[in-house]
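Counting begins at 1 with the first residue of the sequence. Only a predicted model underlies this, so the values are computations on that prediction, with no experimental measurement involved. Any value given below was found using the heavy atoms of this structure, including those in side chains, with hydrogens, waters and symmetry copies removed.
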Amino acid sequence: MIASEGELFKKILGPAWRGLHPDIQARFDHNPMPGKPLHYTGRMTELTCSGVGRVLGYLSMPLIQGALMPFNDADFPVDIEVYSKQGSAAIFKQRIYRLNGRKPVQFTSYMLESARGEVLEYVGMGMGMKLVLAVRDGNLHFESDGYFWQVLGVRIPIPAWFTPGKTYLCHRNNDSAQFDIRIEIRHALFGTTFTQAGVFREVRA
C-alpha cells in the first residue's frame, strides 16, 4: 500500500525520478506516517483569478471550498499539512490560506493511485482530476489530464468546457530547505482563470 507522495511519484515517474534535483528527491523521501504528519509553512506571493474564475470560485465554494478561490491577494501566510490515515492508500493535503483581511480558508484534497496506475487528486464531493507527472530542468511538474465526478465508484468525465481549465503545477527547488510552488489554471476559451504562487519550507519538530 502506497501512502506517501514520494513512493507514488517514484513509481509513476520510473527512471525519470532520477532526473529530479536531489533536494526534491530528499524532500519527498519523508513519508507521513499515520498520526505523524509533515508540516510546511510559507507565504503566498501571488493569488489571482479572472472575472470568469471569480464566478466559478463563488459557485463552487459550497461544494469544494478553497479549491478555486475567488480572490486576488498577495503576501500572506499559508500552512500545509501532509498526512496519511491508517489502512488508507490516500495521501491527504490540508492547506490553510490566511488571507489579508479575510477569514482563513481551509482546503483539503487527497491523492491516490488508480487501479490503472493513474495519479488522481480528489478535491471534494467526488470531484477530481487525473494528473500527469513530468521532470523538467530538475523540477517536478504536474498537468491535469481531464476532470471527473466519481459516483458510486464510477468516474464520469466532465467536459473541458465546463471546468475551470487545465491545471499546471510546478514544484521548483530553491535549496535544501526551500521550494517554490506555482499553479496556473488555463481555460481554452477564457484564458488563465486562476494563479497561485508561493515560497515554502518544511517545519521540523
Response to the item:
Smallest heavy-atom separation, Leu20 atom then Gln25 atom, equals O-NE2, 2.9 Å

Item to complete: Evaluate the side-chain contact (heavy atoms from CB on, under 4.5 Å) criterion for residues Leu56 and Phe190: first the C-alpha distance (whole Å), next the side-chain angles of each, then the deciding distance (0.1 Å), finally the verdict.
Response: CA-CA 12 Å; Leu56 290 173; Phe190 302 117; over 6 Å; no

Discussion item. Centroid separation under 6.0 Å, is that true for the rings of Phe142 and Tyr168?
Written reply: no

Discussion item. Run the side-chain contact (heavy atoms from CB on, under 4.5 Å) test on Phe9 and Met111 for me, step by step, so that the C-alpha distance in whole Å, both residues' side-chain angles and the decisive distance to 0.1 Å come before the verdict.
Written reply: CA-CA 11 Å; Phe9 297 165; Met111 185 181 294; 3.6 Å; yes

Worksheet entry | Evaluation steps, side chain to side chain donor-acceptor pair (under 3.5 Å), between Asn72 and Thr48 | CA-CA 4 Å; Asn72 290 296; Thr48 64; 4.7 Å; no

Practice prompt. Measure across Arg98 and Phe76 and return the closest heavy-atom pair with its distance rounded to 0.1 Å.
Written response: O-CB, 3.2 Å

Worksheet item: Arg27: what forms a side-chain hydrogen bond (donor to acceptor under 3.5 Å, both in side chains) with it, not counting sequence neighbours?
Response: His171, Asn173

Item to complete: Tell me, please, whether Tyr40 has Arg201 positioned over its six-membered ring: NZ or CZ under 6.0 Å from the ring centre and within 45 degrees of its axis?
Response: no

Worksheet item: Where do Val119 and Leu133 land on the side-chain contact (heavy atoms from CB on, under 4.5 Å) test, with the steps shown first?
Response: CA-CA 8 Å; Val119 178; Leu133 281 64; 4.0 Å; yes

Item to complete: Inspect the surroundings of CG in Asp137 and state if more than 12 heavy atoms from other residues, nucleotides or ligands are less than 6.0 Å away.
Response: no

Worksheet item: Heavy-atom distance under 4.5 Å between the side chains of Phe107 and Val123, does that happen here?
Response: yes

Fill in: Shared hydrophobic cluster for Leu99 and Tyr58 (ILVMFWY, side-chain gaps under 4.5 Å)
yes

Item to complete: Examine Ile181 and Phe71 and state if one hydrophobic cluster contains both, with Ile, Leu, Val, Met, Phe, Trp and Tyr joined whenever side-chain heavy atoms are less than 4.5 Å apart.
Response: yes

Discussion item. If hydrophobic clusters are built from ILVMFWY residues whose side chains come within less than 4.5 Å, do Ile24 and Val132 share one?
Written reply: no

Report, one line per pair, each donor and acceptor closer than 3.5 Å where one atom sits in a side chain of residues 147-156; sequence neighbours left out.
unit_1 : atom_1 : unit_2 : atom_2 : d
Tyr147 : OH     : Gly165 : O      : 2.5
Tyr147 : OH     : Thr167 : OG1    : 2.8
Trp149 : NE1    : Met125 : O      : 2.9
Gln150 : OE1    : Tyr122 : OH     : 2.6
Arg155 : NH1    : Glu118 : OE1    : 3.4
Arg155 : NH2    : Glu118 : OE1    : 2.6

Worksheet item: Is there a side-chain contact (heavy atoms from CB on, under 4.5 Å) between Ile80 and Val82 once you walk through the steps?
Response: CA-CA 7 Å; Ile80 301 174; Val82 181; 4.3 Å; yes

Discussion item. Ring of Tyr110, cation from Lys93 - is the NZ or CZ under 6.0 Å from the centre and inside 45° of the axis?
Written reply: no

Worksheet item: Are the side chains of Asn174 and Val199 in touch, meaning some heavy atoms are under 4.5 Å apart?
Response: yes

Fill in: Audit row: Glu121, Ser109, side chain to side chain donor-acceptor pair (under 3.5 Å) steps and yes/no
CA-CA 7 Å; Glu121 183 166 16; Ser109 65; 2.7 Å; yes

Worksheet item: What residue among Glu46, His141, Gln196 forms side chain to side chain donor-acceptor pair (under 3.5 Å) with Arg182?
Response: Glu46

